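In what follows, chains carry the letters A, B, and so on, assigned in the order in which the sequence lines appear, proteins first and then strands, with residues in each chain numbered from 1. What you see is a predicted model, and the numbers here were worked out from it, not measured in a lab.
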Number of protein chains: 2
Amino acid sequence: MTETKEKKSTKGPFKRGAGVGHVYQTLHREIIELKIAPGSPIDELQLAARFSMSRTPIREALVRLAAEGLITTLPNRATIVSNIDFLNLSQFFDALTLMYRVTTRLAAANHVPADLKEINHWKDLYAQAVESRDVFEMIATNREFHLAIAKAGRNRYYVELFTRLLDEGRRILRLYYQSYNDEIPHLYVDEHEKMVQAIIDRDLVLCDRFAADHADQIVRQIQSYISADTRINSALPLG
Amino acid sequence: MTETKEKKSTKGPFKRGAGVGHVYQTLHREIIELKIAPGSPIDELQLAARFSMSRTPIREALVRLAAEGLITTLPNRATIVSNIDFLNLSQFFDALTLMYRVTTRLAAANHVPADLKEINHWKDLYAQAVESRDVFEMIATNREFHLAIAKAGRNRYYVELFTRLLDEGRRILRLYYQSYNDEIPHLYVDEHEKMVQAIIDRDLVLCDRFAADHADQIVRQIQSYISADTRINSALPLG
DNA sequence: ACACAATAATCTGTCGACAATTAAAATACA
DNA sequence: TGTATTTTAATTGTCGACAGATTATTGTGT
């Protein structure tokens, strides 16, 4: 046999228990990228057919997503993609700002050379996305950039919370990207540059200030998007 | 029929989908309270027999616990209760301290009268537990006290992270309660009193300082427990 | 024509069983 | 006797099917 294990058959393309992870990751991305709109019902049978597997592993993936708050299960009724609760956005902004500050500070304190390589990698990709005016790529690379900083800070609790917050932020930005303005992203490129330099210099105070400023920028941007939004009732929960 | 719905039979004491929640809560508590030791294997068949239900709802509860990090699933092999990783305790201390400070500050800013009632309730219960020298009750009520403060702060992201951290702390304290000293708890009673007063006065600065001090106390306490621990290899992961 | 009740359809929650995989036990061999 | 190899056992991951519950549909009465 030239190939020991690639696909055990045409039906089951995943080996033993890898399917759940695949379903989880796929749905996660589709929810974050608003491929599935908030409030949309999730049909287990449909997913089972789509991924060509039983409902059982599908449900396990859904339970994971529910634990993360990405989907909401109405008991005995449909499970839906969680709505973005615009009524409590201040909680989100507050936590996001704090995590920006804390993770950047910790990165300055704890980073090793390998971390800088990763951070610079995403910093460059973000600048590149700005150059080519690819809005979705900007949103995605910006997330990875700040997540790389968080990982350099070496605190799994912060990394976990920050990941959730950045993902939530991606959903909101996607929802309002229509009014995206390409002045702001260039500003972000500069701010990213300054943050990285402060991390390299291990200047905690400067990191904290840059991170706070950066967070304020993003919060203001999101707020301006929302207030500039013209769609009627776009912010109302569907349920 | 005098009773419309209580138990549909002697076998299934829970109605439609309430079983998973029960299993989750029960296992959660048993893990937190160290009824099940870290590293212990979790047998699905055994749990299914114990709760007299199929493996399917058991597995869903386990997936939830795994998402929370309380259990670890080795693929195709046993799932075990997660070990406390003593190598990265500083991450835990750092995050715990930050959450103490942030939640107490927010409580000062956002609390309403009903919150104070809840906070005072648990403050009194803690003091009472100290009086009766019930160590486990101290640990439990202390958690509820600080969680009540966090809830008064009205930020679900912080409440969620803080909950996880406090639970992790409970596991560690349980592991080392043998050397519990009843001088410290009295100090905590005073500190709790001062924190509540600062919250009532809406004094953010004072809240921050008291919370930071309180966190430092607890961190020092845990650290002293660990260094005073005489058991050989008690801090080593089993795997 | 509208409100209400009965019925049907659809989807979730649960179950028992089978397949795949790994750990343990038994056997063979040096 | 100790080590490698096969066999057995136990346990996880997956499946198809059934039962309970909710929503949509149809039917009935005023």
Just how far, in rounded Å, is [atom2] of [N] from [atom1] of [X]?
| X | N | atom1 | atom2 | value |
| --- | --- | --- | --- | --- |
| A/His22 | D/dG13 | NE2 | P | 18 Å |
| A/Asn76 | C/dT10 | CG | P | 18 Å |
| B/Ile80 | D/dT11 | CD1 | P | 16 Å |
| A/Asp43 | C/dT12 | CG | C1' | 10 Å |
| B/Leu45 | D/dT12 | CG | C1' | 10 Å |
| B/Leu62 | D/dG13 | CG | C1' | 13 Å |
| B/Ile58 | D/dG13 | CD1 | C1' | 16 Å |
| A/Arg59 | C/dC15 | CZ | P | 12 Å |

Indicate yes or no: does A/Glu33 engage A/Arg143 in a salt bridge with an N to O separation below 4.0 Å.
-> no
Would you call B/Arg164-A/Glu160 a salt bridge at under 4.0 Å N-O?
-> yes
Phosphate OP1/OP2 of C/dC15: any B/Arg55 side-chain N/O under 4.0 Å = no
Below 4.0 Å: OP1/OP2 of C/dA23 and any side-chain N or O of B/Arg77 = yes
Using a heavy-atom cut-off of under 4.0 Å over every strand shown, decide if B/Ile42 touches base, sugar-phosphate, or nothing.
-> sugar-phosphate
For B/Glu60, report the nucleic acid contact type (base, sugar-phosphate, nothing); a contact means any heavy atom under 4.0 Å.
-> nothing
Donor-acceptor pair (no angle test) under 3.5 Å: A/Arg16 side chain, D/dT12 base = yes
Which one, D/dT11, D/dC15, D/dG13, comes nearest to the side chain of A/Met53?
-> D/dC15
Nearest of C/dT21, C/dG16, D/dA21 to any side-chain atom of B/Ser54?
-> C/dG16
Closest to the 5' end of DNA chain D, once A/Gly19 and A/Pro75 are matched to their nearest nucleotides, is A/Gly19
Heavy-atom side-chain proximity of B/Asp85 to B/Asn88 below 4.5 angstrom = yes
Any donor-acceptor pair under 3.5 Å from A/Asp43 side chain to A/Leu45 backbone = yes
Given B/Tyr126, B/Tyr100, B/Trp122, the one that forms ring-ring contact (aromatic ring centres under 6.0 Å, His included) with B/His192 = B/Tyr126
